[in-house]
Amino acid sequence: MELSQIIDTIYPLPTASKNIIKAAITETILPKGHILFKANKVETSIYFIKKGIARAYAYSDANQITFWLGQEGDPIVSMQS
């Protein structure tokens, strides 16, 4: 999914406005299994899934409990931040 499409799904903007936003964004490619946010840490970034999926999980005893799945175009933010 292209960045312009992601922006348009959130709110359609004029091309000039999209270009300003795109100029402020840095594309980051992360490997499968990368942990984006860590517990009890303030995050200052917001991410958008351009390609692939992401999941949020928490531990309960020794088990991982998935509570969110994101797909292409979805934002990823830390709710604690």
Side-chain angles (χ1 to χ4, degrees):
M1 181 172 255
E2 293 301 316
L3 185 54
S4 291
Q5 292 172 294
I6 294 170
I7 294 169
D8 285 339
T9 61
I10 297 167
Y11 189 85
L13 295 171
T15 302
S17 298
K18 276 196 270 192
N19 288 339
I20 291 169
I21 292 171
K22 288 164 67 172
I25 291 175
T26 302
E27 184 172 343
T28 304
I29 299 171
L30 302 169
K32 180 179 178 179
H34 178 81
I35 297 176
L36 194 57
F37 298 135
K38 303 208 188 278
N40 303 316
K41 183 175 181 283
V42 175
E43 300 293 339
T44 59
S45 298
I46 180 172
Y47 297 87
F48 296 93
I49 304 171
K50 185 174 179 182
K51 182 178 179 183
I53 60 170
R55 76 178 179 114
Y57 64 90
Y59 284 99
S60 176
D61 298 323
N63 300 316
Q64 288 183 359
I65 308 293
T66 298
F67 59 87
W68 178 82
L69 292 172
Q71 60 186 352
E72 293 176 4
D74 286 346
I76 304 174
V77 296
S78 170
M79 297 308 288
Q80 291 185 340
S81 299

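Just so it is clear, the values below take in all heavy atoms, side chains as well, and ignore hydrogens, waters and symmetry mates. Along the sequence shown, the residues carry numbers beginning at 1.
- For the atom pair NZ of Lys18 and CD1 of Ile25, the computed distance is 12.0 Å after rounding to the nearest 0.5 Å.
- Between Asp74 and Ile6 the shortest side-chain heavy-atom distance does not fall below 4.5 Å.
- When the ring pair (Phe, Tyr, Trp, His ring centres under 6.0 Å) test is applied to Tyr59, the partners found at least two apart in sequence or on another chain are Tyr57.
- Follow the hydrophobic side-chain contacts under 4.5 Å out from Phe37 and you never reach Ile35; the two are in separate clusters.
- Looking only at side-chain heavy atoms (C-beta outward), Lys41 and Ser78 stay at 4.5 Å or farther from each other.
- No more than 12 heavy atoms of other residues, nucleotides or ligands sit less than 6.0 Å from atom CD1 of Ile29.
- In this structure, the side chains of Glu72 and Lys51 come closer than 4.5 Å at one or more pairs of heavy atoms.
- Under the 4.5 Å side-chain criterion, counting only non-hydrogen atoms from C-beta, Ile76 is in contact with Ile49.
- Hydrophobic clustering of Ile, Leu, Val, Met, Phe, Trp and Tyr side chains at less than 4.5 Å, counting indirect connections, unites Phe67 with Tyr47.
- Using a 4.5 Å cut-off on side-chain heavy atoms (C-beta onward), Lys50 and Glu27 make contact.
- Here the straight-line distance linking atom CD1 of Ile10 with atom CG of Asp8 works out to 9.5 Å at 0.5 Å rounding.
- Met79 and Ile46 fall within the same hydrophobic cluster, defined by Ile, Leu, Val, Met, Phe, Trp and Tyr side-chain heavy atoms under 4.5 Å apart, directly or through other members.
- Looking at Phe48 and Val77, their side chains never come closer than 4.5 Å, going by heavy atoms from C-beta outward.
- The closest side-chain heavy-atom distance from Gln64 to Arg55 is below 4.5 Å.
- Side-chain contact between Leu36 and Leu30 is present, with at least one heavy-atom pair separated by less than 4.5 Å.
- Neither Ile20 nor Leu3 shares a network with the other; the hydrophobic side chains, linked directly or stepwise wherever heavy atoms of I, L, V, M, F, W or Y lie under 4.5 Å apart, form separate groups for each.
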